[in-house]
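Model, not experiment: these values are computed from the prediction. So that the names make sense, note that chain A is the first sequence line, chain B the second, and so on, each numbered from 1.
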Amino acid sequence: MLFPLKFDKPAVRALNLRLMTELVRKILSEALGRMGVSAPERIEVEVPREESMGDIATPLAMSLARTLKRPPRKIAEEIVEKIGAILGLAGGAEGDFEKIEIAGPGYINFTFKRESLYRSFSGFLRQGEAFFRKDIGKGRKILIEFVSANPTGPLHLGHGRGAALGAALSNLLAAAGFKVTREYYINDAGRQVGLLGESVFARYQELFGIAYPFPEDGYRGEYVIDIARGIAQAEGDRYKGLEFASPNSDYFANTACAMMLAVIKTDLEGFGVAFDVWQSEKELYDKNEVPGTIEYLSQKGFVYEKEGATWFKATLFGDEKDRVMIKSGGQYTYFASDIAYHKKKVDGGFDELINIWGADHHGYIPRVKAALEALGYEKERLKVLLVQIVSLLRGGKPVQMSKRAGEFVTLREVIEEVGADTTKFIFLTRKADSHLDFDLEVAKAASAENPVYYVQYANARINSIFRNAAEKGFTVDSDSLGRAGLSPLSEPEETRLIKKILLYPAALEAAVQAREPHRITYYLQELAGMFHPYYNRHRILADERELSLARLSLCMGVGLVLKDGLRLLGVAAPEKM
RNA sequence: GCGCCUGUAGCUCAGUUGGAUAGAGCAACUGCCUUCUAAGCAGUGGGUCAGGGGUUCGAAUCCCUUCAGGCGCACCA
């Protein structure tokens, strides 16, 4: 069943390249229909590398060559012929295309008329943000869990990478019509917090001159002493000389954990990363959700006892071995609470769960997915994004970090040294699963040539132009500029910029679908990389008023996209630099 | 030993989900500020897409294999 072709609808007429690709798809699909060929589910279209190859191209004829058993160019010819007939019928629509031609091994290249591009661009200025947005999510609920660092120490650089990615991805998905919940899971139960508590307890005793044996695997960082001081300040010497046992041990563990968490929250705030929910692991125990979940799995027959421990039959769901939930000593494993946690997530009515984990946890994925499946959910519902290790360098040399001695460079220190925007931008110029070398000297000393400044500077320049334009009596807002005539724009760079801007929604969509914010980063660099040379070659505020107005419109478009993109990445867009 | 990630220009990395002649930024060299911000611009050089096989009209992209780096293979978190 073919859709009705109505090209003169404003929705198609006045929109952007993304819709233009849809227009091309529709035409192609219709052409195939008339040839008696069933169209593929998704007709491939792409932006050709060379400008001379048109604005949009499709390798459709080539991919059909096999099934039709005919030469690609012959197929292309027939498609183009049908398109000619369709456009003739549709009336007015042919006005959008400058030419449609066959090239290379069988590409069909579409070139839009310049006026058509200009019309779309003006529409964009008047529409504003609505132009960028496509409702891809349609209200689907996504829970995105990230950072979730143990509250036993300060955040380090790797956490920062996860934070930057999670925040940007959340922004991106929310902008695309998903209902996003940002969540931090706090591992505030179990052995590690106890160990933190004991470490603090030992330092506390030291403050009063009492030698308390420091726990074997204790936390040796400087911050432990800070916490001990804090407690000494609040409570004085009332714990002096006591044993580390309940209820004192609980007090120290909980207090240390709470204080550490407060530091983490402050650091994340300083990094510009916010969460909607802080989910406590301890709360899962307090509300009996961990034993409850095990019981639930047990009723389904996925649990057994062996050698005094309680096991989950993970192998039934594709994991390589079964996993312990309750140790023979009676304690729950981390995995046990994790099952309960993920049950809570899916029970919350989320259509999709995204976890951002450090790559060193990748071996953990099959068992969590297995647990989800045992709970009755498709494992596809959970998507785990692995963030690779960040190697911290200074001047090309690795910065020594000894976890044993508790010496490591924290996220806060890096932010203080190189700045939050730069740090985020560097994280977001890599895809998550590639290793990342973070060189402090490069990030900082090269700040003049840092890519983040390159992008921000383009926006600052545009704002500077606007200030000057306002002084000269131009009305500088997107609505009035959206009504300016664009026909004075005759430079090839100007058309190129307009096409790039019209491509922004497609870039967003690709980033959303792939769940990869770094695509936005690259897009912005490309856009800025087109604007700076243009600015350098042509005066925006030219002698003729009409030309100035048209160029101001162009600048407005560039600025709007830059600001929107930076905002999604969580990076500032200063008006002056 | 098994599993996952990575390998693209001297360095750091992209590469639109299999398409046309593989890109950018650094670094190197040469130029450009009395005109809207030089955190900028113009120009030059730079490649066995780790190696080898395969799949097909077409491969950096998919499959197999070898090599190299990283990370996992707990009744740890």
Hey, is the side chain of [X] poking within less than 4.0 Å of OP1 or OP2 on [N], counting only N and O atoms?
X	N	answer
A/Tyr453	B/A39	no
A/Ser434	B/A14	yes
A/Tyr185	B/A77	no
A/Asn468	B/U37	yes

(request) Quick one: sort the A/Phe312 and A/Phe317 rings into parallel, tilted or perpendicular, breaks at 30° and 60°. (result)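 Because their plane-to-plane angle is under 30°, the rings of A/Phe312 and A/Phe317 count as parallel.
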
(request) Under 4.0 Å from any atom of RNA chain B, heavy atoms only: list the residues of residues 516-524 of chain A that qualify, in numerical order. (result)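 Listed by number, they are A/His518, A/Arg519, A/Tyr522.
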
(message) Which residues in residues 542-557 of chain A have a heavy atom closer than 4.0 Å to any atom of RNA chain B?
(response)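 Within residues 542-557 of chain A, no residue comes under 4.0 Å of RNA chain B.
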
(request) May I ask you to say what A/Leu386 touches in the nucleic acid, namely base, sugar-phosphate or nothing, with a heavy-atom cut-off under 4.0 Å? (result)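 Nothing: the residue A/Leu386, judged by heavy atoms under 4.0 Å, touches no strand.
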
(message) Regarding A/Glu281, tell me which of base, sugar-phosphate or nothing describes its non-hydrogen contacts under 4.0 Å with the strands shown.
(response)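 Nothing: the residue A/Glu281, judged by heavy atoms under 4.0 Å, touches no strand.
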
(request) At under 4.0 Å between heavy atoms, which parts of nucleotides 68-74 of chain B does protein reach? Answer with one letter per nucleotide, 5' to 3': B base, S sugar-phosphate only, - none. (result) -BSBSSS

List, one per line, each side-chain donor-acceptor pair under 3.5 Å for residues 535-544 of chain A, sequence neighbours excluded.
{"from": "A/His538", "atom 1": "NE2", "to": "A/Glu493", "atom 2": "OE2", "distance (Å)": "3.0"}
{"from": "A/Arg539", "atom 1": "NE", "to": "A/Leu541", "atom 2": "O", "distance (Å)": "3.4"}

N/O to N/O distances under 3.5 Å, protein versus nucleotides 54-61 of chain B:
none

Just the table, please: protein N/O against nucleotides 32-35 of chain B N/O, every pair under 3.5 Å.
{"from": "B/U35", "atom 1": "O2'", "to": "A/Arg539", "atom 2": "NH1", "distance (Å)": "3.4"}

(request) Return the nucleotide paired to B/C71: Watson-Crick means purine N1 to pyrimidine N3 with N6-O4 or O6-N4, wobble means G-U with N1-O2 and O6-N3, both under 3.5 Å. (result)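 Check on B/C71: paired to B/G3, both distances under 3.5 Å.
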
